[in-house]
Amino acid sequence: MKSAVETLNPTRVRLTVEVPFEELKDSLDAAYKKINQQVTVKGFRKGKVPARVIDQRFGRGAVLEEAVNDALPKFYTNAVNEAELNVLGQPEVDITELKDNELLAFTAEVDIRPALEIPDYSGIEVEVDAVEVSDDDVEKSVEQLRERFASTTTVERAAEDGDVVTVDLEAKVDGEVLADGIANGVSYTIGSGELLDGIDDAVKGLEAGGSATFTSELKGGSAQGKEAEVKVDVTEVKARELPALDDDFAQLASEFDTLDELKADSRKRLERMKKFDQATQAQEKVLDALLGLVEVPIPEKLLEDEVRTRKHNLEHHQLGQMGLDLAKYLELQGKTEEEFDAETKEQAEKGIKTQFVLDELVNKEKLNVSQEELTEHLMRRAQSSGMSPDQFAQAVVEGGQVPMLVGEVARGKALAVVVEAATVKDTNGEVVDLEDEEETEAAEAVVAEVEGTEEKAEEAAKSEG
């Protein structure tokens with residue numbers, strides 16, 4: 001077999017392959033055998049029809065077509081390996097010559113990963129937010145915990161902000177009560193914004209037994225998105241009482257004996273959260289700076305496929321879980337479809353660039369992924385997907401997503417290497433020394449988000465599960 005490579009552009013090549021006919025012998029034998037099992041010829045037992053009879057009855061052309069279809073993938077793969085090409089997607093194959101007992105010639109056009117030159121990245125400098133936890137931050141955190149331990153008491157007065165009311169609801173559209181528009185005994189905290197727009201103003205000032213009517217756009221159900229006239233009947237009003245902020249509360253709400261210990265723990269927890277946010281910010285900014293240093297040509301077909309995949313995942317998975325369609329989502333986001341398409345294309349381009357550049361770094365730095373690193377990554381992914389680690393791991397394996405996750409970890413390690421070499425300062429001018437665990441976890445999360453692999457892996461795992 002002879003092959004040659006012609007570069008059409010930085011991301012596409014044309015392979016020209018010539019195969020001597022004797023190299024088709026195994027595929028021809030397999031073609032005769034396959035046709036033998038499919039046909040019946042009078043005078044011959046099934047599977048025992050001679051090749052010359054098959055040629056006479058069904059035509060040599062049918063045999064050649066079967067043999068060539070069988071052999072092409074092997075010859076194409078051999079040509080790719082011989083030229084040491086890193087191909088992307090499926091080739092466009094064109095048989096240019098087929099001479100019986102002489103020669104098979106074909107061309108194959110295919111996208112390839114572009115050759116990239118990674119420049120010195122040690123001069124990258126970025127600024128991130130300083131890790132500062134104020135007394136107000138701690139007080140707010142403790143107050144949120146206090147809210148969770150609030151108790152309620154029925155009161156004989158008009159409902160106010162913060163009260164918990166029990167209500168019956170009836171929704172009408174065009175004067176007709178909806179089949180799914182009746183709900184009784186609904187508990188609602190005034191001011192939480194967790195029910196219908198307009199309900200807060202409607203119920204405030206009402207005592208138990210009071211009624212009001214208001215107009216609101218329905219967020220779900222058979223008439224989702226339509227304006228409805230909603231009647232609300234208040235059946236009970238309860239006042240929320242917060243526990244006193246003292247040592248007894250600390251013992252009730254935590255493992256600590258004193259309020260001071262609880263506050264000290266809240267401060268530590270907030271610092272950890274802000275350090276992780278700081279690490280994530282550093283990874284994102286360093287990645288942007290790195291991508292700015294490298295010229296990355298992108299294959300057109302790959303970009304089209306990536307844009308299509310991202311739109312599909314958003315429309316059929318993420319929005320579907322929220323009960324929204326694309327039109328409603330765009331309305332809520334205040335975007336036109338053209339703006340959404342442009343944004344999606346930009347995100348897809350960045351995701352592809354990130355993968356190409358970091359994969360090149362993985363090879364350059366000779367980075368490997370250990371079983372322990374992959375397991376830790378799977379554990380984190382399982383937690384975010386709401387599945388148990390065993391379920392998620394099994395689903396990922398069955399869905400063929402392991403290589404994707406291995407790539408995420410490897411590229412996360414590559415990004416961490418760049419961050420380590422870069423200068424990261426906070427807004428106070430202090431050099432930030434990121435902790436290894438936070439750096440690795442943040443890097444993997446940033447890579448997954450930019451490349452859009454988080455949704456792909458989780459949706460594949462959930463569908464397999």
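All residue numbers refer to positions in the sequence shown, counting from 1.
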- [ ] Provide the closest heavy-atom pair for D70 versus P73 in the form atom of the first, atom of the second, distance.
- [x] O-CD, 3.6 Å
- [ ] Run the numbers on D120 and S122 for side chain to side chain donor-acceptor pair (under 3.5 Å), then give the verdict.
- [x] CA-CA 6 Å; D120 178 20; S122 60; 2.8 Å; yes
- [ ] Walk me through it: do E92 and K301 pass the test salt bridge (charged side-chain N to carboxylate O under 4.0 Å, His left out)?
- [x] CA-CA 12 Å; E92 293 178 7; K301 178 70 165 53; over 6 Å; no
Task: Any donor-acceptor N/O pair, H316 side chain to H312 backbone, under 3.5 Å - done: yes
Open item on the list: According to salt bridge (Lys or Arg N to Asp or Glu O under 4.0 Å), who are the partners of E373, at least two apart in sequence or on a separate chain?
Closed with: K413
Open item on the list: Given 3.5 Å as the limit, does a donor-acceptor pair link the side chain of T96 with the main chain of A105, or not?
Closed with: yes
Open item on the list: Between the side chains of D305 and R308, is the shortest nitrogen-to-carboxylate-oxygen separation below 4.0 Å, so that they form an ion pair?
Closed with: yes
Open item on the list: Is there a side-chain contact between V294 and P119 in this structure, where contact means two heavy atoms from C-beta onward sitting under 4.5 Å apart?
Closed with: yes
TODO: Report yes if some heavy atom in the side chain of V142 is under 4.5 Å from a heavy atom in the side chain of F249; otherwise report no.
DONE: yes
Task: Enclosure of Q144 CD (heavy-atom neighbours >12, cutoff 6.0 Å) - done: yes
Open item on the list: Is it the case that atom CD in E346 sees more than 12 heavy atoms from other parts of the structure closer than 6.0 Å?
Closed with: no
Task: Side-chain donor/acceptor of D94 to backbone N/O of T107, under 3.5 Å - done: no
TODO: Output yes when a side-chain donor or acceptor of Q278 lies under 3.5 Å from a complementary backbone atom of A130, and no otherwise.
DONE: no
Task: Chi angles and distances behind the side-chain contact (heavy atoms from CB on, under 4.5 Å) call for I112, N86 - done: CA-CA 5 Å; I112 60 168; N86 197 338; 5.7 Å; no
Open item on the list: Tell me whether S141 contacts the main-chain N or O of D137 through its side chain, where contact means a donor paired with an acceptor under 3.5 Å.
Closed with: no
Open item on the list: Between K350 and D288, is the salt bridge (charged side-chain N to carboxylate O under 4.0 Å, His left out) condition met? List the steps.
Closed with: CA-CA 9 Å; K350 184 176 180 181; D288 287 341; 2.7 Å; yes
Open item on the list: For N101, I'd like to know if atom CG has over 12 heavy atoms of other residues, nucleotides or ligands within 6.0 Å.
Closed with: yes
TODO: Determine whether more than 12 heavy atoms belonging to other residues, nucleotides or ligands lie under 6.0 Å from atom NZ of K33.
DONE: no
Open item on the list: Distance check, rounded to the nearest 0.5 Å: F75 atom CZ versus N78 atom CG?
Closed with: 7.5 Å
- [ ] Using modelled atom types only, decide if a donor and an acceptor are shared between the side chain of E23 and the backbone of P20 within a distance under 3.5 Å.
- [x] no
Task: NZ/K345: more than 12 non-hydrogen atoms of other groups inside 6.0 Å - done: no
Open item on the list: Within the structure provided, determine whether Y188 and D200 are in side-chain contact (heavy-atom separation under 4.5 Å).
Closed with: yes
Open item on the list: Rounded at 0.5 Å granularity, tell me how far OG in S266 sits from CZ in F256.
Closed with: 8.0 Å
Open item on the list: I'd like to know if the side chain of E360 and the backbone of I118 have a donor-acceptor N/O pair within less than 3.5 Å.
Closed with: no
Task: Pairwise side-chain contact, V110 with V80, heavy-atom cut-off 4.5 Å (strictly under) - done: no
Task: Side chain to side chain, F356 and T11, heavy atoms closer than 4.5 Å - done: no
Task: Between CG on residue L104 and CG on residue L64, distance to nearest 0.5 Å - done: 9.5 Å
TODO: Mind running side chain to side chain donor-acceptor pair (under 3.5 Å) on T280 and D277 for me, showing each step along the way?
DONE: CA-CA 5 Å; T280 301; D277 290 343; 5.3 Å; no
Open item on the list: Can you tell whether the side chains of K311 and D341 come within less than 4.0 Å, N to carboxylate O?
Closed with: yes
Task: Exceeds 12 heavy-atom contacts within 6.0 angstrom, atom NZ of K274 - done: yes
Task: V128 and V424: CA distance, side-chain angles, deciding distance, side-chain contact (heavy atoms from CB on, under 4.5 Å) verdict - done: CA-CA 7 Å; V128 295; V424 181; 3.9 Å; yes
TODO: Please confirm whether the backbone N or O of E430 pairs with a side-chain atom of N428, one donor and one acceptor, at under 3.5 Å?
DONE: no
Open item on the list: Please check this pair: side chain of D265 against backbone of E261, looking for a donor-acceptor N/O pair closer than 3.5 Å.
Closed with: no
TODO: Using a 4.5 Å cut-off on heavy atoms from C-beta on, say whether the side chain of L245 contacts that of R146.
DONE: yes
Open item on the list: I want to check something: taking the side chain as every heavy atom from C-beta on, are I95 and L72 in contact at a cut-off of under 4.5 Å?
Closed with: yes
- [ ] Begin from the C-alpha positions of E271 and K275 and carry the test salt bridge (charged side-chain N to carboxylate O under 4.0 Å, His left out) through to its verdict.
- [x] CA-CA 6 Å; E271 283 175 351; K275 280 183 179 177; 5.7 Å; no
- [ ] Indicate yes or no: at least one non-hydrogen side-chain atom of I298 is less than 4.5 angstrom from one of E349.
- [x] yes
Open item on the list: Could you check whether any side-chain N or O of Q251 sits under 3.5 Å from a backbone N or O of D257, counting only pairs where one atom can act as donor and the other as acceptor?
Closed with: yes
Open item on the list: Tell me whether Q383 at atom CD has more than 12 heavy atoms from other residues, nucleotides or ligands lying less than 6.0 Å away.
Closed with: no
Task: Pairing of R12 and E109 as salt bridge, 4.0 angstrom limit - done: yes
Task: Pair K140 + D136: basic N to acidic O under 4.0 Å - done: no
- [ ] Check whether more than 12 heavy atoms from other residues, nucleotides or ligands sit under 6.0 Å from atom CD of E147, and answer yes or no.
- [x] yes
